2 protein chains.
Amino acid sequence: MTTSPRRRGHDPESVLRTAVGVFNERGYDGTSMEDLARALGVTKSAIYYHVPGKEQLLARALDRALDGLFEMIADERASSGRAIDRLEWVVRRSVAILVDRLPYVTLLLRVHGNSPTELRALERRREFDRFVSALVKEAAADGDIRPDIDPALVTRLLFGTVNSITEWYQPGRGATADDVAEAIVRISFDGLRV
Amino acid sequence: MTTSPRRRGHDPESVLRTAVGVFNERGYDGTSMEDLARALGVTKSAIYYHVPGKEQLLARALDRALDGLFEMIADERASSGRAIDRLEWVVRRSVAILVDRLPYVTLLLRVHGNSPTELRALERRREFDRFVSALVKEAAADGDIRPDIDPALVTRLLFGTVNSITEWYQPGRGATADDVAEAIVRISFDGLRV
DNA sequence: TTGTCAACTGACCGAATGTTCGGTAAACAT
DNA sequence: ATGTTTACCGAACATTCGGTCAGTTGACAA
């Protein structure tokens with residue numbers, strides 16, 4: 001066995017998973033430790049045995065989302081080849097990561113910057129955005145994207161579409177991750193490519 | 001003069017405007033009445049002279065967003081004519097309303113359902129979504145939309161794109177509302193129409 | 001000069017917040 | 001049987017929360 005089926009109870013991982021679920025239902029600031037305790041079936045104080053506190057739960061969740069995105073753009077396929085093809089690959093992979101780490105990315109996309117933890121996450125997110133933005137600009141310079149729309153606007157709309165997945169996607173219900181990626185690429189790129 | 005230039009101080013309208021601004025910066029639950037007071041340059045208690053409370057501020061803001069959307073779909077151009085053309089009109093009008101009432105719609109799109117006020121807003125929003133969803137389904141039935149993508153998915157992606165405007169649009173900076181509407185229609189509909 | 005009234009302050013309330021801590025029961029190791 | 005560890009509870013903590021209320025201020029009318 002890979003995991004020993006010890007006795008009952010929670011661990012840092014299960015607490016995080018449950019917490020992120022509640023954060024997404026009620027919003028991070030709208031969730032009290034009492035809410036988390038109820039969802040976990042324990043008392044408030046039991047949570048502190050497994051994790052250092054509320055903000056650390058958020059930090060771990062946000063890192064999980066951001067790490068996935070940065071691992072992607074570190075891949076060779078994000079940096080070599082024609083820009084328009086790299087862009088399509090990044091869009092497809094982004095959809096896959098969004099769906100795979102749905103609750104974590106959902107949380108990330110709703111961060112406001114109310115704490116050092118949130119500010120740090122926002123900065124990393126902006127770095128990812130800059131990468132994508134440069135990619136679109138390159139594809140436009142290559143003449144592979146319709147020239148009548150500002151590349152900055154294209155970036156916004158394209159990844160606005162991708163990110164909007166977090167607002168409605170439910171695993172197991174309806175379209176698969178590949179279905180969604182395929183639909184976005186078809187609609188957007190058929191409308192974008194020259 | 002349309003507005004009498006009385007004396008200094010705030011009124012329910014200016015309090016609402018400022019409050020919605022802070023709500024969008026910090027999130028509704030992340031905003032305290034103390035935060036609002038600071039932004040208004042008055043004491044907490046002064047707010048209660050103009051407005052009944054925090055939740056009422058939210059309720060008024062959400063109504064402002066929702067009223068705009070429902071006035072639109074009550075228009076004749078949303079109900080008569082070919083479905084695909086009605087859809088394009090609704091998309092263009094949605095962008096216009098989103099930009100015109102940006103802070104209010106932004107707040108609406110971030111509602112979780114943590115209070116009766118929020119639940120009521122969510123229900124009205126779902127009603128709007130059903131209208132749009134039916135419109136896309138109709139256009140698909142007319143054979144005016146590519147048949148290889150599920151109409152439900154098309155709806156999600158199309159209005160995911162439109163709604164994502166609230167995440168980045170800044171009035172006066174960059175594209176105008178018409179620019180954005182035009183870009184969305186070109187990209188999406190060139191990729192959608194058969 | 002006096003009175004009115006819109007607009008606000010400052011002190012305060014009970015409830016809820018995130019977090020800490022002393023204790024404890026059961027499982028496990030020896 | 002004994003000690004140790006794991007996972008938890010209950011009570012309390014300081015602070016912040018949304019909200020109330022009696023009073024004050026300053027502009028205006030009479």
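Every heavy atom of this structure was used, including side-chain atoms; hydrogens, water molecules and symmetry mates were not. Here is the naming used below: chain letters follow the sequence lines, and residue numbers restart at 1 for every chain. Since the structure is predicted, the reported quantities are computational estimates derived from the model, not experimental observations.
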Report the distance from atom CG of A/Leu40 to atom P of D/dA7, rounded to the nearest whole Å.
-> 14 Å
Length of the line joining A/Asp29:CG and D/dC17:C1', which is rounded to integer Å = 13 Å
Could you state the atom-to-atom distance from CD of B/Gln56 to P of D/dG18 in whole Å?
-> 15 Å
Work out which heavy atom in B/Ala61 is nearest to a heavy atom in B/Leu107; give both atom names and the distance.
-> CB-CD2, 3.7 Å
Rounded to whole Å, the CE-C1' distance (B/Met33 to C/dA11) equals 17 Å
Note, B/Arg125 side chain near B/Val111 side chain (heavy atom, < 4.5 Å) | no
Under 4.0 angstrom between A/His50 side-chain N/O and D/dT6 OP1 or OP2 | no
Atom-to-atom span, CD1 of A/Ile47 to C1' of C/dG18 - whole angstrom = 10 Å
Would you indicate what B/Ser45 reaches in the nucleic acid, counting non-hydrogen atoms under 4.0 angstrom: base, sugar-phosphate, or nothing?
-> base
Nearest-Å distance for atom pair NZ/C1', residues B/Lys54 and D/dT20 = 18 Å
A/Arg120 atom CZ: more than 12 heavy-atom contacts under 6.0 Å | no
Whole angstrom value for the distance that separates P of C/dG18 from CG of A/Leu57 = 11 Å
Decide yes or no, distance alone: a donor-acceptor N/O pair under 3.5 angstrom between the base of D/dG19 and the side-chain of B/Lys44.
-> yes
Assess A/Lys54 against A/Tyr28: is NZ or CZ under 6.0 Å from the centre of the six-membered ring, and within 45 degrees of the ring's axis?
-> yes
What is the distance, rounded to the nearest whole Å, between atom OH of A/Tyr48 and atom C1' of D/dA11?
-> 15 Å
Tell me whether the OP1 or OP2 atom of C/dC8 has a side-chain N or O from B/Tyr49 closer than 4.0 Å.
-> no
With the side chain of A/Ser32 defined as its heavy atoms from C-beta on, choose the nearest nucleotide among C/dG18, D/dC8, C/dC8.
-> C/dG18
